[in-house]
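Scroll down for the structure; my scribbles are underneath it.
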Amino acid sequence: MAKIIFYGGKGGVGKTTCSTANSIFYANKGLKTLLISTDPAHSISDVLEMKIGKKIINIRENLDGLEIDPEYEAELYIDRIRENMKTILSNVIVEEINKQLDAAVVSPGTHESALFDKMAEIIIDKYDTYDIIIFDTAPTGHTLRLLTLPELLEGWMGNLIKKRKNVMAMDKMITRKYKEKDPVLEILEKRQERLSSIKKILIDNKDLTIRFVLNAEQLPIEETKKAVKMLEKYNLPVETLVINRILPENIDDNFWVKKKIQEKQYLTDIENYFADKELIRIPLMDTDMNKSTIDSIAKYFD
Ligand SMILES: Nc1ncnc2c1ncn2[C@@H]1O[C@H](COP(=O)(O)OP(=O)(O)OP(=O)(O)O)[C@@H](O)[C@H]1O
Ligand SMILES: [Mg+2]
């Protein structure tokens with residue numbers, strides 16, 4: 001049964017670097033690991049210098065990768081709605097709604113719902129195949145908010161199902177005909193089933209953990225405080241903070257000495273405010289992160 005780790009954090013703090021390095025760390029330890037990017041900019045491909053796409057591929061021993069493209073998933077998602085609709089509604093209405101669905105494909109809400117569905121599908125399908133599933137999220141920050149969806153949607157779906165059952169009961173009373181299968185109810189129930197399986201894995205089983213990457217600077221610290229509060233309100237645990245790009249100790253240049261003093265104050269702020277969290281500290285490296293340098297960061301996740 002997989003442990004699921006989500007990496008979040010402000011734009012550019014090092015989410016892709018740290019999630020990739022962390023997955024290499026687990027793979028080196030012999031754990032079967034799946035690294036998934038939900039960023040349309042497809043950055044794990046860039047770091048690992050290989051083409052990773054919509055299908056799971058092997059990256060190295062014990063490590064597989066996958067990139068989810070929210071735009072592509074949104075199209076599939078809307079197509080599924082179109083198919084479902086055809087079985088329920090008359091042709092005239094279908095045509096009218098189709099026009100509206102064309103517009104929905106490009107709306108951000110659709111991308112998020114489609115992304116959530118895809119993430120849920122992978123977690124449910126691959127839960128038994130991998131020891132660890134790591135998600136590198138996009139900088140917009142919306143991906144983590146998606147994790148609050150099962151909690152919010154479950155009650156809502158329950159209500160829709162109840163209402164649909166009432167409508168069917170009324171229909172039966174009026175027409176005195178008993179319909180064995182109702183396509184609307186089937187769709188609603190299937191969706192509710194998926195929601196409760198994902199909720200069970202993520203929340204009830206406590207298999208989910210969220211890691212925040214930040215730099216020892218004012219804005220990332222403020223943003224992390226807010227995000228952690230929001231997630232914990234939904235019982236989504238942020239157990240670990242990864243402080244990335246820590247300056248070296250022995251500096252003699254005046255400018256960097258001053259920077260280091262400031263950084264130490266921010267580090268103390270992080271240690272005090274997040275006293276209950278595990279802190280992982282990653283130094284600033286003298287090169288960009290790529291296929292040959294990423295391993296040098298993996299060891300800090302021990
Ligand atoms: N510890 C480090 N030392 C040196 N360079 C680093 C370190 N961490 C990250 N970088 C570099 O900083 C840049 C941004 O890192 P990364 O892409 O991991 O951030 P991100 O949070 O995923 O960004 P985005 O929000 O755009 O997805 C990259 O060029 C990466 O190579
Ligand atoms: Mg990234």
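All of these numbers come straight from a predicted model, not from anything done at the bench.
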- [ ] Over all heavy atoms of both residues, which pair between L35 and S19 is shortest? Give the atoms and the distance, please.
- [x] CD1-O, 3.8 Å
Open item on the list: Can you list everything that forms a salt bridge (Lys or Arg N to Asp or Glu O under 4.0 Å) with E217? Sequence neighbours excluded, please.
Closed with: none
Open item on the list: Can you confirm whether K233 sits close enough to M230 that some side-chain heavy atom of one is under 4.5 Å from a side-chain heavy atom of the other?
Closed with: no
- [ ] Show your reasoning for whether side chain to side chain contact (heavy atoms under 4.5 Å, CB included) applies to I246 and L267.
- [x] CA-CA 9 Å; I246 297 181; L267 285 173; 4.2 Å; yes
- [ ] Determine, using the 4.5 Å side-chain heavy-atom cutoff (strictly less than), whether L247 and V13 are members of one ILVMFWY cluster.
- [x] no
- [ ] Give the cluster check for I56 versus I124: same hydrophobic cluster or not, with ILVMFWY residues linked at side-chain heavy-atom distances below 4.5 Å.
- [x] yes
- [ ] Locate the shortest heavy-atom distance separating M289 from T17; write the atom from each residue and the value.
- [x] CG-CG2, 3.4 Å
Task: Basic-acidic side-chain contact under 4.0 Å: K260, E263 - done: yes
- [ ] Give a yes-or-no answer on whether the side chains of D46 and S43 include a donor-acceptor pair shorter than 3.5 Å.
- [x] no
TODO: May I ask you to decide if the ring planes of F25 and F301 are parallel, tilted or perpendicular, using 30° and 60° as cut-offs?
DONE: tilted
- [ ] Say whether I68 and L202 are linked into one hydrophobic cluster, either directly or through other cluster members, by side-chain heavy-atom distances under 4.5 angstrom.
- [x] yes
- [ ] Return yes when atom CG of D253 has more than 12 non-hydrogen atoms of other residues, nucleotides or ligands closer than 6.0 Å, and no otherwise.
- [x] yes
TODO: Identify whether the distance between the nearest side-chain nitrogen and carboxylate oxygen of R191 and D117 falls below 4.0 Å.
DONE: yes
Task: Contact check, side chains of S23 and I132, non-hydrogen atoms, under 4.5 Å - done: no
- [ ] Using the test salt bridge (Lys or Arg N to Asp or Glu O under 4.0 Å), find all partners of D64 that sit at least two apart in sequence or belong to another chain.
- [x] K32
Task: Verdict with reasoning, E223 to K226, per salt bridge (Lys or Arg N to Asp or Glu O under 4.0 Å) - done: CA-CA 5 Å; E223 184 147 318; K226 264 192 238 150; over 6 Å; no
Task: Reported CZ-to-NZ distance for the pair R60 and K291, which is rounded to 0.5 angstrom - done: 9.0 Å
Task: Sub-4.5 Å side-chain heavy-atom contact between K3 and Y130 - done: no
Task: The single option from V213, I270, I221 passing side chain to side chain contact (heavy atoms under 4.5 Å, CB included) against L241 - done: I270
Task: Derivation and outcome, salt bridge (Lys or Arg N to Asp or Glu O under 4.0 Å), residues R281 and E271 - done: CA-CA 11 Å; R281 296 167 179 83; E271 283 155 12; 3.1 Å; yes
TODO: Mark yes when over 12 heavy atoms from residues, nucleotides or ligands other than N254 sit less than 6.0 Å from its CG; otherwise mark no.
DONE: no
Open item on the list: Let me confirm one number: the CG-NZ distance from L66 to K118, rounded to the nearest 0.5 Å.
Closed with: 7.0 Å
Task: Min side-chain heavy-atom separation E189-I161 under 4.5 Å - done: yes
Task: By side-chain contact (heavy atoms from CB on, under 4.5 Å) - contacts of E83 (at least two apart) - done: K86
Task: CG on L115 to CG on D69, rounded to 0.5 Å - done: 10.0 Å
Open item on the list: Please tell me whether I59 and I36 are part of a single hydrophobic cluster in this structure, the criterion being side-chain heavy atoms less than 4.5 Å apart.
Closed with: no
TODO: Would you check, one step at a time, whether the test side chain to side chain contact (heavy atoms under 4.5 Å, CB included) holds for I297 with C18?
DONE: CA-CA 8 Å; I297 284 195; C18 292; 5.5 Å; no
Task: CD1-CD1 distance between I201 and I4, expressed to the nearest 0.5 angstrom - done: 6.0 Å
TODO: Could I get the full list of salt bridge (Lys or Arg N to Asp or Glu O under 4.0 Å) partners for K54, not counting sequence neighbours?
DONE: none
Task: Between CZ on residue R211 and CD1 on residue I5, distance to nearest 0.5 Å - done: 5.0 Å
Task: Members sharing M170's hydrophobic cluster (side chains within less than 4.5 Å) - done: none
Task: L214 side chain reached by K10 side chain, heavy atoms, under 4.5 Å - done: no
- [ ] For atom CD of E49, decide whether the heavy atoms of other residues, nucleotides or ligands shown that lie under 6.0 angstrom number more than 12.
- [x] yes
Task: Y26: partners by ring pair (Phe, Tyr, Trp, His ring centres under 6.0 Å), with sequence neighbours left out - done: none
Open item on the list: Does any part of the side chain of T20, heavy atoms only, come nearer than 4.5 Å to the side chain of L48, both counted from C-beta?
Closed with: yes
Task: Heavy-atom donor-acceptor pair, K15 side chain to Y7 backbone, under 3.5 Å - done: no
Task: Contacts of type side-chain contact (heavy atoms from CB on, under 4.5 Å), residue A227, not counting sequence neighbours - done: F212
- [ ] Determine whether M119 and I134 fall in the same hydrophobic cluster, where Ile, Leu, Val, Met, Phe, Trp and Tyr are linked whenever their side-chain heavy atoms lie under 4.5 Å apart.
- [x] no
- [ ] Check whether any side-chain heavy atom of Y300 sits under 4.5 Å from a side-chain heavy atom of P283, and report yes or no.
- [x] yes
Open item on the list: Whether the N62 and T33 side chains hold a donor-acceptor pair (N or O, under 3.5 Å, no angle test) is what I'd like checked.
Closed with: no
TODO: Could you name each residue pair satisfying side-chain hydrogen bond (donor to acceptor under 3.5 Å, both in side chains) that touches residues 236-249, not counting sequence neighbours?
DONE: T209-E239, N215-R245, T240-E278, E249-K264
Task: Check ion pair E232-K277 (N to O, under 4.0 angstrom) - done: yes
Task: CG-OG1 distance between D39 and T16, expressed to the nearest 0.5 angstrom - done: 6.0 Å
TODO: Answer yes or no: is there a donor N or O on one side and an acceptor on the other, between the side chain of E67 and the main chain of S45, under 3.5 Å?
DONE: yes
Open item on the list: According to salt bridge (Lys or Arg N to Asp or Glu O under 4.0 Å), does anything in residues 18-31 pair up with another residue at least two apart or in another chain? List the pairs.
Closed with: none
TODO: Please lay out, stage by stage, how I52 and I57 fare under the test side chain to side chain contact (heavy atoms under 4.5 Å, CB included).
DONE: CA-CA 7 Å; I52 296 168; I57 66 157; 4.2 Å; yes
- [ ] Could you check if a side-chain atom of D252 sits within less than 4.5 angstrom of a side-chain atom of V257, using non-hydrogen atoms only?
- [x] no
Task: Set of residues satisfying salt bridge (Lys or Arg N to Asp or Glu O under 4.0 Å) with respect to K126, sequence neighbours excluded - done: none
Task: Fellow cluster residues of L219, listed by chain then number, with links counted only when side-chain atoms sit under 4.5 Å apart - done: none
Task: Test item: T293 side-chain N/O and D288 main-chain N/O as donor-acceptor pair under 3.5 Å - done: yes
- [ ] Taking side-chain contact (heavy atoms from CB on, under 4.5 Å) as the test, write out the residues that go with D79, two or more places apart.
- [x] R82
